[in-house]
Protein chains: 4
Amino acid sequence: MPRVVNKEAKKMQILQVAMKVFARKGVVKTKMIDIATEAAIGKGTIYEYFRSKEDIFISAFTYFFETMLDEINQAIHAEHDPVRQLQIITDYSLKSLIQGNEEFADIMMDFWAEGVRHKNQVVLSSMNLKGIYADYRKIVAKILKSGINQGIFKKMDINAAASVFIGTFDGIMLQWILDRKILNLQKVLSILLDTFINGIKIEK
Amino acid sequence: MPRVVNKEAKKMQILQVAMKVFARKGVVKTKMIDIATEAAIGKGTIYEYFRSKEDIFISAFTYFFETMLDEINQAIHAEHDPVRQLQIITDYSLKSLIQGNEEFADIMMDFWAEGVRHKNQVVLSSMNLKGIYADYRKIVAKILKSGINQGIFKKMDINAAASVFIGTFDGIMLQWILDRKILNLQKVLSILLDTFINGIKIEK
Amino acid sequence: MPRVVNKEAKKMQILQVAMKVFARKGVVKTKMIDIATEAAIGKGTIYEYFRSKEDIFISAFTYFFETMLDEINQAIHAEHDPVRQLQIITDYSLKSLIQGNEEFADIMMDFWAEGVRHKNQVVLSSMNLKGIYADYRKIVAKILKSGINQGIFKKMDINAAASVFIGTFDGIMLQWILDRKILNLQKVLSILLDTFINGIKIEK
Amino acid sequence: MPRVVNKEAKKMQILQVAMKVFARKGVVKTKMIDIATEAAIGKGTIYEYFRSKEDIFISAFTYFFETMLDEINQAIHAEHDPVRQLQIITDYSLKSLIQGNEEFADIMMDFWAEGVRHKNQVVLSSMNLKGIYADYRKIVAKILKSGINQGIFKKMDINAAASVFIGTFDGIMLQWILDRKILNLQKVLSILLDTFINGIKIEK
DNA sequence: TATGAATGAGCATTCATTCAT
DNA sequence: TATGAATGAATGCTCATTCAT
């Protein structure tokens, strides 16, 4: 009988390593041999678990964002106040960026950039970047809708507003990554949230 | 020395062509031969004007954003009402994205992504992405400061607020590029602006 | 030691499977995993019975031609008329090609081609292609000699004539494989035989 | 101005080198770097003249057989006696095999084998092996027809007979290549021709 | 000055074979 | 004995850059 291996676990382990290397060197500059070396396995072994480099990238990408979505969903689940829910999302993102592992921001930006750069339609559709953002939008839109129903927020185009909210995050993250010193991320996000909520709340 | 003038003009002409090709194919997928063919010159000739492909990219990048900055500066120059000035910036960006040449959004996103992806510090510093965003921030910060002085806007951390304003643009642009059908850009930007201004205006 | 019998039987079974796969995909395109899968055994198990892929190929090759030789020998054994014996060989080949299993021609041609292509002298000598053709030549030469002795055939260089007879088969087979529609194999072989026998028979 | 090069001539030169290496090592074992080294050029340079290794192979294949066809056509052009024409073809082939460059037989066999082995339909159709043999058949068939019309040859299925004639060549060539010592090629071909002609000639 | 022919470093991927279990 | 997980040598091809003309 051959070595018994939990295929799924090993695949995940390689994926984790790949994500680490992606974060450190960027997706394009990462070579298969880099991942293999870092994972302390042979180059060929990777191909036992992934079809291609692209497959690794897409898997990492999907895993990364789905995990994030899950965590956010869980985080806001217990809370029912829409304002607090938006704060939780902001806080969660903030924590992920600066308190969580140092690579979070880098890999997210790289995925993002890689996604944008892909004119290759097959890859792009595999990445389902659209779908991921649509999911994020749905979460925020749901919160906004709930806020409107509760008479807390003004009537508005909730999908467009959700886009504004989410888009702002990515843009701010970029600037923070580019120049971590200049931007006090916590303060900026706090302003963002206040400004945003101020802008949509019904004034009493 | 009329040659010098021609040299400069030809360099600029190559740069324009390169930007067009970058927009169409993406920076990485663009080959030197593509630029040469499109510019109707020889492959080797490009190297008379640019040191390397990277040099072209950085030049294009710099030219692109500096031109945009200049145009925005000119556009808000005649106006003195801070709210109107912010509107002008929004309108200008909107126009650039959808009315201006179709490639604007693509090339901006690709530059952006390429910039983020460059772990190569030498290149990244050459691109001066930091500096470019700092300039944008300055413009917006100046408007905000003026608004505060005029008693229109609340007191705030104007640099952080400027980051919020600018960051939102990039993020929204991304989502629009990913899915132009779903996002009504004009409406979203209008909401962004209203929300933002609502958030910072002194309530009367 | 019943194991030994089983070993031999299993080896033969793998060989049969390998030949089937060789015929279907060609030797080079056939992967070890293909043979293992088709034989419903593990990849590693093959190496319990064969040293290498080359070993399988050579074994298959040898088995294939030796079997054919045996069958031909048996077929002509009962007959004593040289003309009839040549006809039997022709008929047997024809039957093998078109009536027997559909893969016969393909695998024979592939072996043939693979044999020619092997510049690797070690492999080539293992295949003993020379020896195999020498055996065929011997059979035909024996028939021709018998015919001469019986006063039916002219005196001739029987080895050279045997080569002509055998060589023609391979060549015609190639053309038939390349274009089965154009070539009416039965008619061509019949002409071949008539022509050949006409050419060597003593005219009365 | 760049180096001036006769592209067509250089392509042909590379092709000649490739054919030499193909003959020495076999098509599959020949690596791009082998051809480049032998041609004293860089690996990349080959790709300036050929799309791929396959392209080189097909080009070599086509060139090889077309050249041979042309030469045979020229050789029989001046002669009108069908028997003599068949002799000329035999002689030409014999000369090519043993007097001409030593590699002739090897490369022909390798092309032949490679052609047979290709289950890849695209490549196979590019090689037009069918077409090439059809051309050969046409030449021989024309001679046979002329012989029949002149009352020299019996009535027969000329296409089938042509196949017999041509096929025999390939088969005999194989055996000669496999064992040059045993087979006296000249004698065998002479026998082949006599036998064949004897078989189709009208007996007086 | 302009050119494009020439170059070779660099890389993803395949697959026969090994060997721990 | 049987297995299949692990391996890495081996190779075709791309493309930025150089340089002879």
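Atoms considered below: every heavy atom in the structure, side chains included; atoms not considered: hydrogens, waters and symmetry mates. Every chain is numbered from 1 and lettered A, B, ... according to where its sequence line falls, protein lines coming before strand lines.
No more than 12 heavy atoms of other residues, nucleotides or ligands shown are found within 6.0 angstrom of NZ on B/K20.
Per the geometry, CG belonging to C/D55 stands 13 Å off C1' belonging to E/dA16, to the nearest Å. One interatomic measurement links the two molecules: CD1 of B/I33 to P of F/dT17, which rounds to 14 Å at whole-angstrom precision. D/K10 places its NZ atom 12 Å from the C1' atom of E/dG4, with the value rounded to the nearest Å. As a whole-Å value, the separation of A/D34 CG from E/dG10 P is 13 Å. Atom P of nucleotide F/dT14 and atom NZ of B/K29 are separated by 14 Å, given to the nearest angstrom. In this structure, D/N6 places its CG atom 11 Å from P of E/dA6, rounding to the nearest Å. Rounded to whole Å, the distance from CD1 on C/I35 to C1' on E/dT17 is 14 Å. Atom CD1 of C/I14 is separated from atom C1' of F/dA2 by 11 Å (rounded to the nearest Å).
Between D/V5 and A/V4, it is D/V5 whose nearest contact on DNA chain E lies nearer the 5' terminus. Both A/Y49 and D/K31 sit near DNA chain F, but only A/Y49 has its closest nucleotide nearer the 5' end. Both C/I46 and B/S52 lie near DNA chain F, and the one whose nearest nucleotide falls closer to the 5' end is C/I46.
Across every non-hydrogen atom of C/K25 and C/K29, the tightest pair is O-CB, 3.3 Å. Considering all non-hydrogen atoms of both residues, C/Y63 and C/L15 come closest at CB-CD2, 3.9 Å.
Listed pair A/K7 / F/dA5 meets the phosphate criterion, a side-chain N or O lying under 4.0 Å from OP1 or OP2.
Separation of atoms CD (C/E48) and NZ (C/K11) is listed at 12.0 Å; rounding is to 0.5 Å. Here B/M19 contributes atom CE and B/I56 contributes atom CD1; the two are 12.5 Å apart, rounded to the nearest 0.5 Å. Atom CG of C/D55 and atom OH of C/Y49 lie 14.0 Å apart (nearest 0.5 Å).
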Got a list of protein N/O to nucleotides 18-20 of chain E N/O distances below 3.5 Å?
none

Show me the donor-acceptor pairs, under 3.5 Å and distance only, between side chains in residues 37-47 of chain D and residues at least two apart or in other chains.
unit_1	atom_1	unit_2	atom_2	d
D/T37	OG1	D/I33	O	2.7
D/E38	OE1	D/R24	NH2	3.0
D/T45	OG1	D/G42	O	3.4

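Every residue meeting the ring pair (Phe, Tyr, Trp, His ring centres under 6.0 Å) condition with A/F64, not counting sequence neighbours, appears here in chain and number order: A/F104, A/F111. For A/K53, the side-chain contact (heavy atoms from CB on, under 4.5 Å) partners are A/M32, not counting sequence neighbours. With sequence neighbours excluded, the residues forming a side-chain contact (heavy atoms from CB on, under 4.5 Å) with D/I132 are D/F61, D/F65, D/Y136, listed by chain and number.
Counting any heavy atom pair closer than 4.0 Å across all strands shown, A/F50 reaches no nucleic acid atom. Counting non-hydrogen atoms under 4.0 angstrom, D/I41 reaches the backbone sugars and phosphates but no base.
Of the listed nucleotides (F/dT17, E/dA5, E/dA2), E/dA2 has the atom at the smallest distance from the side chain of B/T45. For A/K53, taking side-chain heavy atoms from C-beta onward, the closest of the listed nucleotides E/dT13, F/dC13, F/dA6 is E/dT13.
In DNA chain E, consecutive stretches of 3 or more Watson-Crick or G-U wobble pairs with both distances under 3.5 Å are given as paired ranges: E:2-21 with F:2-21.
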